[in-house]
Asks: 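Handing you a structure now.
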Amino acid sequence: MNLRREIILSLKQTRRSRGKFLFSAMAIVLGVAAISAVRSFSSSLETAVSLESRKLMGADMRLEAGSSIPQNGMTAELLGAGARAADVIEFNTMLRVEKPKPSVPLSTRLVRVRAIASEYPFFGRITSEPESGFARVREGRLPVVLVDSTLLPALGLVEGDSVFLGKQKFRVAGVLRREPGSPGFSAGIGAPVYIHVSFAEKTGLLVTGSRIRYARYFKLPDFFPVEEWKEKHWQEALNANITIYTYNEAASGVRRFMDNLTRFMTLAGLVILLLGGLGIGLAMNVFVRSRMDDIAVMRALGATPGGTMRVFFILGFLTALVGSVLGYAIGFFGARAGADFGAAYLPVEVHVRFDALSALLSILPGILFTMAFVLFPVFEIRRISPLRVLRRQAEDQAEDGPGLRGFMSRVLRLKYEIISAVVLAAVITGVSAGQSESIAVGAFFTAGVALAVAVLYLLSLGLIRLSRLVMPWIGSYRIRQGIANLHRPGNQTSVMLTSAGVGALLIVSLYTVQATLQREMRFDGGGRPNLYIMDVQPDQREGVEAVVHRYAASSQLVPMVSMRVKAINGEKIDRSNIEKNANRRNWENSLRSYEYFASYRDHL
């Protein structure tokens with residue numbers, strides 16, 4: 001038979017069962033939809049961030065430290081090469097309204113102050129309402145402030161109102177709408193406000209003990225080797241407690257978040273695909289058993305074993321293809337809808353476009369998983385003899401009988417079951433390793449599934465054995481007949497129990513991961529304070545405690561000390577191999593370079 005005739009014949013075989021196959025394919029649809037949605041969105045976001053990276057950072061490169069960055073050394077070298085620099089100082093403090101509104105209960109709010117130089121940003125725009133608001137801040141002639149939109153209803157502010165940051169009074173010049181490197185909502189502690197850097201010192205807040213971040217942004221000459229320069233000066237900067245960021249590391253937090261989301265959604269997609277492939281494999285197994293007489297007729301009319309296998313293999317492939325393509329379409333349009341819905345919360349404008357590679361990597365797992373599971377029932381077709389047309393009962397008895405024919409049948413079945421199992425393990429390992437970008441993860445995932453299948457299969461054999469033992473002790477005829485179906489010839493006890501067990505295991509594993517992530521992110525107020533007062537200086541202690549004791553049932557003053565880890569158990573920290581790229585920097589690397597704000601108590 002040629003391919004066209006085999007396709008037509010495979011479709012004719014499903015004339016009364018197409019609904020069942022389409023229902024089985026729904027799991028493939030959902031799994032591929034989850035993978036394609038997150039792949040389409042994350043790849044489009046990565047593309048948008050790469051194209052807009054300079055605008056996100058506002059510069060080509062940034063030096064960042066917990067203390068003032070010296071003008072000599074690296075800064076002098078960059079300025080000598082033709083670069084332009086702009087300083088930004090960032091710290092948290094309380095914004096206080098000079099004349100509180102009687103209708104507004106609050107007159108203070110925690111804010112994140114960004115004191116910027118006139119040149120910042122070199123790329124991109126800080127938008128405000130009115131548009132002249134940011135221009136007035138950038139001029140630096142008058143003490144004006146650009147406030148976040150969330151402060152307007154909270155404090156009852158309007159343009160022209162006077163507010164205090166520390167000792168310095170500022171006039172509200174406008175409302176901040178968008179800033180480089182941040183999404184539409186405030187990503188830090190406190191709402192962002194902008195002032196000119198020349199007024200930062202006048203607030204009286206740049207003192208020892210304050211949590212201040214200093215940054216120096218650079219606009220570099222064209223064709224400046226920024227990555228090579230960073231590589232050359234990385235250790236020097238690290239020794240001076242300075243971190244170097246290039247425009248390629250813009251929005252690193254968003255990128256890491258999308259990487260974690262992609263991994264979780266990929267895990268969910270793989271679990272659903274496994275269940276979908278398993279479901280189609282079971283449906284195909286039942287379908288093949290119901291078509292054994294038809295297959296015997298096809299063999300008697302001259303069809304070869306390979307040709308007959310291809311007919312049903314094509315049927316499984318078409319089911320997987322339809323489910324995978326439909327799933328990709330749902331995921332793709334879902335990603336587009338998600339990008340439009342979350343436009344206000346993303347640092348860049350994301351346009352989800354069709355990408356052939358992303359489509360292939362989304363559709364291929366659905367097809368591979370399904371075809372790997374379909375191999376098991378398809379290989380059973382080789383054992384169906386043309387003589388079944390004439391002596392079906394004798395053929396059924398010969399398949400598993402005690403004679404030579406039965407022994408050879410069992411050996412042949414074991415051979416093809418081993419081949420199918422090896423192919424399935426290779427597919428699961430390859431797909432999971434490709435999706436997670438880790439061979440070790442793929443191998444562990446496959447080993448876990450294989451171990452679960454082995455345990456469940458042994459349990460099913462134990463259940464079959466137990467059903468034989470309890471038969472004599474059961475008085476009810478109906479119950480005896482029902483239990484007898486567990487061990488009668490041709491039973492599906494092992495297949496059904498193993499399939500249901502694997503499905504339950506994968507779903508429980510997915511929910512366990514979800515619950516773990518939610519537990520890590522959940523803020524449970526039980527036993528925790530509901531009010532924090534930050535950056536209390538020694539000379540302010542008595543006054544703050546007097547006010548707190550007047551309104552609070554209980555309070556605790558906690559000392560804070562800024563420090564860096566220098567040694568662990570007497571062994572000096574090695575900072576020579578810290579990951580330079582913020583997008584790839586993990587927790588272990590950060591542990592060795594962070595500035596920590598530690599506390600101490602006389603009791604716990």
Side-chain angles (χ1 to χ4, degrees), residues 24 27-28 30-32 34-35 260 262-285 316 320 364-380 410-411 413-467 486-487 491-517 519-520:
S24 300
I28 299 296
L30 295 176
V32 173
I35 293 176
N260 293 331
T262 300
R263 292 189 185 97
F264 178 76
M265 291 302 296
T266 298
L267 172 63
L270 288 177
V271 169
I272 298 173
L273 285 180
L274 271 174
L275 296 179
L278 187 59
I280 293 178
L282 291 175
M284 182 65 75
N285 184 55
L364 197 59
I367 295 176
L368 290 177
F369 271 140
T370 303
M371 301 319 298
F373 279 105
V374 165
L375 281 179
F376 287 91
V378 166
F379 275 137
E380 291 285 319
R410 289 191 292 272
V411 170
R413 180 190 301 176
L414 180 61
K415 170 186 173 182
Y416 288 115
E417 285 180 352
I418 292 174
I419 293 174
S420 302
V422 170
V423 171
L424 178 60
V427 168
I428 295 176
T429 303
V431 172
S432 55
Q435 296 290 335
S436 63
E437 299 180 356
S438 171
I439 297 177
V441 170
F444 279 116
F445 185 76
T446 304
V449 172
L451 179 62
V453 169
V455 171
L456 290 168
Y457 182 72
L458 292 176
L459 288 175
S460 69
L461 295 180
L463 179 63
I464 293 173
R465 178 65 177 170
L466 181 64
S467 67
L486 295 176
H487 62 262
N491 69 82
Q492 299 294 310
T493 304
S494 296
V495 174
M496 295 302 298
L497 183 62
T498 303
S499 303
V502 170
L505 175 66
L506 293 173
I507 293 174
V508 169
S509 299
L510 185 61
Y511 275 107
T512 301
V513 173
Q514 178 185 354
T516 301
L517 292 175
R519 187 167 57 251
E520 291 292 330

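In this text, all values refer to a predicted model and were calculated from it rather than measured experimentally. Note that these values count all heavy atoms, side chains included, but never hydrogens, waters or copies made by symmetry.
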Asks: What is the minimum heavy-atom distance between A320 and G366, and which atoms define it?
Replies: CB-O, 4.2 Å
Asks: Residues two or more places apart in sequence or in another chain: which of them pass side chain to side chain contact (heavy atoms under 4.5 Å, CB included) with V422?
Replies: I418
Asks: Test of understanding: with side chain to side chain contact (heavy atoms under 4.5 Å, CB included), list the residues that count as partners of L368, not counting sequence neighbours.
Replies: L364, V427, V431
Asks: Please identify each residue that fulfils side chain to side chain contact (heavy atoms under 4.5 Å, CB included) with F376, with sequence neighbours left out.
Replies: S420, A421, L424
Asks: Determine whether more than 12 heavy atoms belonging to other residues, nucleotides or ligands lie under 6.0 Å from atom CG of L459.
Replies: yes
Asks: Which pairs, with at least one residue in residues 445-458 and sequence neighbours excluded, count as a side-chain hydrogen bond (donor to acceptor under 3.5 Å, both in side chains)?
Replies: T429-T446
Asks: Rounded to the nearest 0.5 Å, what separation is found between the CG atom of L461 and the CG atom of L466?
Replies: 12.5 Å
Asks: First locate atom CG of L451, then atom CZ of F444, and finally report the distance between them rounded to the nearest 0.5 Å.
Replies: 12.5 Å
Asks: Return the minimal non-hydrogen interatomic distance between S432 and G442, and the atom names on each side.
Replies: OG-CA, 3.2 Å
